[in-house]
Amino acid sequence: MRKKIVAGNWKMNTTVPEGIELLKAVVAKSNEVPAEVGLIVAAPHTHLCCLSEVLEGSKVELSAQNCADHVSGAYTGEISVNMLKSVGCQWTILGHSERRQYYGETDEKLVEKTKLALEAGLGVILCVGENLDEREAGKHFDVCSAQIKNVLYNFSAEDMKKIIVAYEPVWAIGTGKTATAEQAEEIHAHIRKVLADKFGAQVAEDTTILYGGSCKPSNARELFAQKDIDGGLIGGAALKADDFIAIAQSY
Ligand code: PGA
């Protein structure tokens, strides 16, 4: 049985004190979330050390939003997987469209980063998704398949146990435009098929696939009701504890 997960991606928001307050509010309400729904918070690197103390003993797990593509050494400004691990991180997001778009993140780099993260014992939330031009050109299935194949086909069925896929149509991120439940479901089902082609039906069935892109309390229920949507990667709405928790209660 695959896990249901709601993950908050705080992006470059909140100061450390604000982040601590936000996480305290999430932790305080986390027992209102059904036991079978996992909660993850992906915070800025500067926050992780403090936040890991705040969530101790709660069901909330901690994620980074990115990691370096090298183990250690002369890479000024980068944060390694072992550094993340050492502050209590259990996950890292990789390949978010904002990193692909603004910071030149390529599928090749994502293979390296995924390898290092898994070796360090971190789980990976790998983001895929098409932009507006690609959707309008009818290429959304191909774009998502290519991103999945280029990265995940380098890994094993065993590795897939530590990997979550997040489908985030770029045109829906932070825009208020959500993919309809049908649009999201058809891509999720497609992604599961692409995973099944390489890893077999069981691994594909067991892989958690999240939807991201203007997911909020008002639309989460319909999205999460779809057969292949196993939860959400939440940006804007994760910055309000009540909204984040309400989304996690939407199953
Ligand atoms: P959004 O962001 O919920 O603000 O659209 C989602 C994401 O980018 O992970």
Side-chain angles (χ1 to χ4, degrees), residues 4-14 18-19 22-23 26 37-45 47-48 51 60-67 89 91-105 110 113-114 117 123-132 134-135 140 143-144 147-148 151 163-181 183-185 187-188 191 208-224 226 229-251:
K4 295 177 166 127
I5 289 178
V6 172
N9 175 11
W10 291 3
K11 308 193 180 185
M12 197 175 73
N13 291 300
T14 73
E18 287 164 354
L22 175 56
L23 185 61
V26 168
V37 180
L39 294 178
I40 299 175
V41 163
H45 288 138
H47 298 38
L48 295 172
L51 295 190
V60 184
E61 298 186 359
L62 192 60
S63 177
Q65 300 171 8
N66 181 35
C67 70
C89 245
W91 298 92
T92 184
I93 295 176
L94 289 177
H96 190 281
S97 61
E98 288 150 15
R99 299 230 36 105
R100 292 179 190 258
Q101 192 179 345
Y102 307 136
Y103 302 99
E105 192 109 298
L110 292 171
K113 291 183 176 194
T114 302
V124 169
I125 304 171
L126 179 74
C127 302
V128 300
E130 81 285 355
N131 62 31
L132 188 58
E134 290 161 342
R135 169 145 299 250
H140 39 298
V143 168
C144 293
Q147 289 172 337
I148 294 280
V151 181
I163 295 174
I164 292 173
V165 176
Y167 168 60
E168 300 207 306
V170 179
W171 48 272
I173 294 178
T175 58
K177 281 187 205 155
T178 322
T180 64
Q183 281 174 325
E185 169 58 22
I187 296 275
H188 280 237
I191 290 171
T208 296
I209 307 178
L210 308 180
Y211 169 79
S214 299
C215 185
K216 41 191 182 266
S218 59
N219 59 26
R221 190 174 297 273
E222 196 190 351
L223 286 160
F224 296 174
Q226 305 300 311
I229 300 182
D230 309 312
L233 181 53
I234 319 300
L239 296 171
K240 288 190 190 130
D242 287 347
D243 285 357
F244 183 61
I245 294 295
I247 291 171
Q249 291 171 325
S250 298
Y251 285 98

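The structure displayed is predicted, hence computed values, not measured ones. Whatever order the structure lists them in is the order used to number ligands and atoms, beginning at 1.
Applying the side chain to side chain contact (heavy atoms under 4.5 Å, CB included) test to Glu61 and every residue at least two apart in sequence or in another chain returns Ile40, Gln90, Trp91.
Residue contacts with ligand 1: Gly213 is placed with no nitrogen or oxygen under 3.5 Å of a nitrogen or oxygen of the ligand (distance criterion only).
The parts of Ile173 lying near ligand 1 are both backbone and side chain, judged by heavy-atom distances below 4.0 Å.
Side-chain atoms of Thr208 never come within 3.5 Å of backbone atoms of Ile164 as a donor-acceptor pair (strictly under, hydrogens ignored).
Figure legend: Lys4 and Tyr251 shown as a cation-pi pair, the cationic atom lying under 6.0 angstrom from the six-membered ring centre and within 45 degrees of its axis.
At least one heavy atom of His96 sits closer than 4.0 Å to an atom of ligand 1. For Ser214, the heavy-atom gap to ligand 1 drops under 4.0 angstrom. At least one heavy atom of Ala172 lies less than 4.0 angstrom from ligand 1. Using a 4.0 Å heavy-atom cutoff, Gly212 is absent from the residues neighbouring ligand 1.
Within ligand 1, the atoms closer than 4.0 Å to a non-hydrogen atom of Gly174 are 1 (P), 4 (O), 5 (O), numbered from 1 in the order shown.
The protein atom (non-hydrogen) at minimum distance from atom 4 (O) of ligand 1 is Gly236 N, 2.8 Å. Closest to atom 3 (O) of ligand 1, if we only count protein heavy atoms, is Gly235 N, 2.9 Å. Counting only heavy atoms of the protein, atom 9 (O) of ligand 1 lies nearest to Glu168 OE2, 2.7 Å.
Counting heavy atoms from C-beta on, the side chains of Ile173 and Gln101 never come closer than 4.5 Å. Within the 4.5 Å cutoff, the side chain of Val37 has no heavy atoms near those of the Phe224 side chain.
Inspection of the Glu168 and His96 side chains reveals an N or O donor paired with an N or O acceptor under 3.5 Å.
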When the side chains of residues 235-250 are checked against the rest of the protein, which donor-acceptor pairs come out under 3.5 Å, sequence neighbours left out?
residue, atom, partner, partner atom, Å
Asp242, OD1, Lys29, NZ, 3.2
Gln249, NE2, Glu32, O, 3.0
Ser250, OG, Ala246, O, 3.0
Ser250, OG, Ile247, O, 3.1

